[in-house]
Amino acid sequence: RVLQFGQTPLTRPKPGRWTISSEVKKSISAEEKEGLGKAAKVFSWIETYLKIRTKKGDIRPIVFNTVQLLLAQYTAYCWAIGLLVRVILPKGRQMGTSTFWQALFFALCELRKGYHVATVAHDETGATEIFGKSKTFYREMPSSWPVYLISEQRSRMDWASESSIFAATIKSGDALGKGATLNAIHFSESANFSDKGTDADNAEASILSSVHHDAMSIIVHESTAKGR
């Protein structure tokens, strides 16, 4: 393996224009080049087509910030070397990490057939807030790239291509793992999962058992600190 952890395998001369670094491209294998090319296409699509709502209420295109760029480069590295994307992320507030993962999952649902994602939050408010990002992505898509859903519900979206995203809370317990086979899970505010007596361990084990572990599977735990 030529590509090493800590490298910056992709370059982005401007938002929406991701490419493999010319220096990296000279020395990597065909398999690594394929993985990086896939990542470059996904991240270019995200910054070209997806929009977010700012804290001021404005709608603007996604332009990855410094933290999001680091997450993108790490994801690209994993795809290049065939490493499953597994992330435990202690985060600060307002850094855009939840937005990054929701954007990535929305993109994979749109660009791949039959890709299934679960977003699991510690409470209903958190689930609604995070899933709202994907709702905004869908509703603000430009006419040049229409997204075809067969169903849009309060906490679920289903694509005509058989992809889907749904949001739930950890309080759902064993029911979390009784749906369709999943390709990705976004656990949000994991540090709060056991609050108020919730059996978070069994609930997490249940939903993890439904993940199909292939090259494109992603599992993310992210949480702000509880301060204790």
Side-chain angles (χ1 to χ4, degrees), residues 46 50 52-53 67-68 71 74-75 78 84-110 112 114-138 149 151-159 162-228:
I46 289 172
L50 298 190
I52 58 172
R53 185 176 299 279
V67 173
Q68 293 167 333
L71 295 174
Y74 177 70
T75 302
C78 291
L84 300 181
V85 180
R86 300 292 184 265
V87 177
I88 298 176
L89 181 63
K91 65 173 186 174
R93 295 190 182 279
Q94 308 305 320
M95 287 187 169
T97 56
S98 293
T99 298
F100 173 83
W101 295 116
Q102 287 295 298
L104 176 58
F105 295 145
F106 187 93
L108 292 175
C109 284
E110 173 62 17
R112 297 176 64 85
Y115 197 85
H116 300 286
V117 181
T119 297
V120 182
H122 69 294
D123 61 17
E124 196 68 38
T125 300
T128 300
E129 179 181 353
I130 295 174
F131 192 68
K133 300 178 188 298
S134 289
K135 292 267 193 178
T136 299
F137 299 152
Y138 170 62
L149 298 184
S151 175
E152 181 191 3
Q153 302 173 33
R154 179 171 175 270
S155 58
R156 184 181 181 94
M157 290 190 289
D158 291 276
W159 272 252
E162 299 185 4
S163 293
S164 66
I165 298 178
F166 74 88
T169 71
I170 197 67
K171 297 176 184 178
S172 301
D174 289 346
L176 287 171
K178 295 179 180 178
T181 298
L182 296 173
N183 300 98
I185 306 175
H186 180 190
F187 291 108
S188 177
E189 297 299 349
S190 305
N192 297 309
F193 277 2
S194 295
D195 287 357
K196 298 180 181 178
T198 302
D199 187 358
D201 291 340
N202 283 338
E204 181 180 342
S206 176
I207 194 169
L208 287 175
S209 68
S210 67
V211 176
H212 177 59
H213 297 281
D214 63 5
M216 297 302 292
S217 73
I218 302 174
I219 299 175
V220 177
H221 272 278
E222 65 169 359
S223 186
T224 48
K226 289 177 68 70
R228 64 188 187 202

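Rounding to the nearest 0.5 Å places CZ of F137 at 8.5 Å from CD1 of I165. Separation of atoms OG1 (T125) and CD1 (I130) is listed at 11.0 Å; rounding is to 0.5 Å. Atom OG1 of T169 sits about 6.0 Å away from atom CD of E124, to the nearest 0.5 Å. Here the NZ atom belonging to K135 is positioned 7.5 Å from the OG atom belonging to S155, to the nearest 0.5 angstrom. For the atom pair OG1 of T99 and CD1 of I52, the computed distance is 5.5 Å after rounding to the nearest 0.5 Å.
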Candidate pair F166 and Q153, rule side chain to side chain contact (heavy atoms under 4.5 Å, CB included), full reasoning: CA-CA 9 Å; F166 74 88; Q153 302 173 33; over 6 Å; no

Ring pair (Phe, Tyr, Trp, His ring centres under 6.0 Å) assessment of W159 paired with F106: CA-CA 11 Å; W159 272 252; F106 187 93; 5.3 Å; yes

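Side-chain atoms of L71 and W101, non-hydrogen and from C-beta on, do get closer than 4.5 Å to each other. Side-chain contact between E222 and S188 is present, with heavy atoms from C-beta onward closer than 4.5 Å. For the pair H186 and I218, the minimum side-chain heavy-atom distance is 4.5 Å or more. Side chains of D214 and N183 form a contact here, defined as non-hydrogen atoms less than 4.5 Å apart. Side-chain contact between F100 and T75 is present, with heavy atoms from C-beta onward closer than 4.5 Å. At a threshold of 4.5 Å between non-hydrogen side-chain atoms, the residues V117 and L108 do not count as touching.
Between the side chain of D158 and the backbone N or O of S164 there is no donor-acceptor pair closer than 3.5 Å. A donor-acceptor contact shorter than 3.5 Å links the side chain of Q68 to the backbone of G96. A donor-acceptor pair under 3.5 Å links the side-chain atoms of S163 to the main chain of Y115, judged by distance alone. Under the 3.5 Å distance criterion, the side-chain polar atoms of T136 are matched with a main-chain donor or acceptor of G132.
Between L84 and S217 the shortest heavy-atom distance is CD2-OG, 3.8 Å. Minimum heavy-atom separation, E189 to T224: OE1-OG1, 2.9 Å. M157 and Y138 make their closest contact through SD-CB, 4.1 Å (heavy atoms, listed as atom of the first residue, atom of the second, distance).
Under a cut-off of 6.0 angstrom, the local environment of CE in M216 is crowded, with over 12 non-hydrogen atoms contributed by other residues, nucleotides or ligands. Residue-environment remark: CD (E162) stays at or below the threshold of 12 foreign heavy atoms within 6.0 Å. Around the CZ atom of R86, the shell of radius 6.0 Å holds more than 12 heavy atoms that belong to other residues, nucleotides or ligands. Counted within 6.0 Å of CD1 on I88, heavy atoms from surrounding residues, nucleotides or ligands total 12 or fewer; the atom is thus considered open.
Residue F187 forms a side-chain contact (heavy atoms from CB on, under 4.5 Å) with just one option from L89, T119, I219, and that option is I219.
For the residue pair Q102 and S134, a side-chain donor N or O sits within less than 3.5 Å of a side-chain acceptor on the partner.
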